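Before any comments, here is the structure.
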There are 2 protein chains.
Amino acid sequence: MIDHESESSLTRGDLARATGCNIETIRYYEKTGLLPDPPRSAAGYRIYSAAHATRLRFILRARKLGFSMEDIRGLMGLDDGAAPTCAEVKERTERHLADVRAKISDLRRIESVLAATASRCSGAEVPNCPVLDAISGN
Amino acid sequence: MIDHESESSLTRGDLARATGCNIETIRYYEKTGLLPDPPRSAAGYRIYSAAHATRLRFILRARKLGFSMEDIRGLMGLDDGAAPTCAEVKERTERHLADVRAKISDLRRIESVLAATASRCSGAEVPNCPVLDAISGN
DNA sequence: TCTTGAGCCTGTAGCTACTACAGACCCTAC
DNA sequence: GTAGGGTCTGTAGTAGCTACAGGCTCAAGA
């Protein structure tokens, strides 16, 4: 049913294996519009092309970089129909970069609190726990 | 109906204001067992005590430190009924600390990729976008 | 040709940690 | 008495997936 000679005709399972994406996630991206609805075989099977694989790989890389699905929609020009300008992409990226940096500094603060309290803890079976005390307030 | 003199008789709204917690979140913590079911007034209104406030503050601080609700259940001894030993608390904290550090290093890698690609971008309205190229897989 | 097992199809439910309603009740102050 | 706030319940929504169930289809082997 599907021509496996021509490299560019893939089932959903093929696409999943080719990109390392979970097979259900592909359907999810289709449902949410990140991936276009692919053509179907007579029996209703999705038929993907190399273009779909490229697009999916783009999405997966962007997700790995922490872009939200909404961000990605913007990066791909799905929000207003037109391909985004370079300036728009840069702006989105910088906003996202700022978010990432904010998250890092949050986590660093958390890290130092956790490290400090954990190190004060003997690990012995004593009544007073410095960790719980630290969380409880002071 | 509720004695507002004695500081330790609080409605849900009072508790929310006193702790800075969203009022709905209190109900959610009750539903999931992090907060015990409080006694009720004749009309069915929840009546909280100072002990509830203390416990809620503990939960909120732990959440701010990034502990999951499951972690917190453990820290409060709600999983096996008994108060956790200091060693258990220390172990949980160190595991969580390791998670936090892993997240930080992930984000730092992401940060450097984003910073590098964004800086290469002129912001001009040119056809080739270094950001998109970077995501697309160089 | 028949069968078997793998793959695909759909819809739906689950996860975390909340948040936000709607519609009904209650309580206080004027 | 009534207006307004507060509270009650249940339910649905958020992001970003993931995991089924129950049914169909396809390819390979006997």
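Reminder, nothing fancy here: chain letters follow the sequence lines and each chain counts from 1. On a predicted model such as this, the values are computed, not experimentally measured, just so you know.
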Report yes if at least one side-chain N or O of [X] is closer than 4.0 Å to OP1 or OP2 of [N]; otherwise report no.
{"X": "A:Tyr29", "N": "D:dC17", "answer": "yes"}
{"X": "A:Arg73", "N": "D:dG16", "answer": "no"}
{"X": "A:Arg12", "N": "C:dA6", "answer": "no"}

query: Near DNA chain D, which residues from residues 18-27 of chain B have a heavy atom under 4.0 Å away?
result: B:Ile23, B:Arg27

- request: Name every residue in residues 99-112 of chain A that has at least one heavy atom under 4.0 Å from any atom of DNA chain D, in order of residue number, or write none if there are no such residues.
  value: none

message: Using a strict heavy-atom distance below 4.0 Å, which residues from residues 63-71 of chain A are in contact with DNA chain C?
response: none

Whole-Å gap separating [atom2] ([N]) and [atom1] ([X]):
{"X": "B:Glu30", "N": "C:dA17", "atom1": "CD", "atom2": "P", "answer": "18 Å"}
{"X": "A:Arg46", "N": "C:dG7", "atom1": "CZ", "atom2": "C1'", "answer": "13 Å"}
{"X": "B:Leu15", "N": "D:dT7", "atom1": "CG", "atom2": "P", "answer": "10 Å"}
{"X": "B:His96", "N": "C:dT16", "atom1": "NE2", "atom2": "P", "answer": "16 Å"}
{"X": "B:Ile59", "N": "C:dC18", "atom1": "CD1", "atom2": "C1'", "answer": "14 Å"}
{"X": "B:Tyr48", "N": "D:dC8", "atom1": "OH", "atom2": "C1'", "answer": "11 Å"}
{"X": "B:Asp14", "N": "C:dC27", "atom1": "CG", "atom2": "P", "answer": "15 Å"}
{"X": "B:Ile72", "N": "C:dC18", "atom1": "CD1", "atom2": "C1'", "answer": "13 Å"}

- line: Double-helix bend of the helix from C:dT1-D:dA30 to C:dC30-D:dG1, axes at both ends from 5 pairs, round to 10°, gives 30°

- prompt: Among the nucleotides D:dG16, C:dC8, D:dC8, which one has an atom lying closest to any side-chain atom of A:Tyr28?
  reply: D:dG16

Does any part of the side chain of [Y], heavy atoms only, come nearer than 4.5 Å to the side chain of [X], both counted from C-beta?
{"X": "A:Ile59", "Y": "A:Arg63", "value": "yes"}
{"X": "A:Glu111", "Y": "A:Leu107", "value": "no"}
{"X": "B:Pro36", "Y": "B:His52", "value": "yes"}
{"X": "A:Arg46", "Y": "A:Arg27", "value": "yes"}
{"X": "B:Asp71", "Y": "B:Arg95", "value": "no"}

Can you tell me if [X] uses its side chain to pair, donor with acceptor, with the backbone of [Y] under 3.5 Å?
{"X": "A:Asp106", "Y": "A:Lys103", "answer": "no"}
{"X": "A:Arg57", "Y": "A:Thr19", "answer": "no"}
{"X": "A:Asp99", "Y": "A:His96", "answer": "no"}
{"X": "B:Glu88", "Y": "B:Thr85", "answer": "yes"}

From [atom1] ([X]) to [atom2] ([Y]), nearest 0.5 Å:
{"X": "B:Phe67", "Y": "B:Thr93", "atom1": "CZ", "atom2": "OG1", "value": "4.0 Å"}
{"X": "A:Leu35", "Y": "A:Leu15", "atom1": "CG", "atom2": "CG", "value": "7.5 Å"}
{"X": "B:Leu75", "Y": "B:Arg73", "atom1": "CG", "atom2": "CZ", "value": "11.5 Å"}

- prompt: Who are the salt bridge (charged side-chain N to carboxylate O under 4.0 Å, His left out) partners of B:Arg55, not counting sequence neighbours?
  reply: none

query: Quick one: on DNA chain C, does A:Gly44 or A:Lys31 contact a more 5' nucleotide (nearest heavy atom)?
result: A:Gly44

statement: Taken in chain and number order and not counting sequence neighbours, the residues that satisfy side chain to side chain contact (heavy atoms under 4.5 Å, CB included) with B:Ala43 are B:Ser41, B:Tyr45

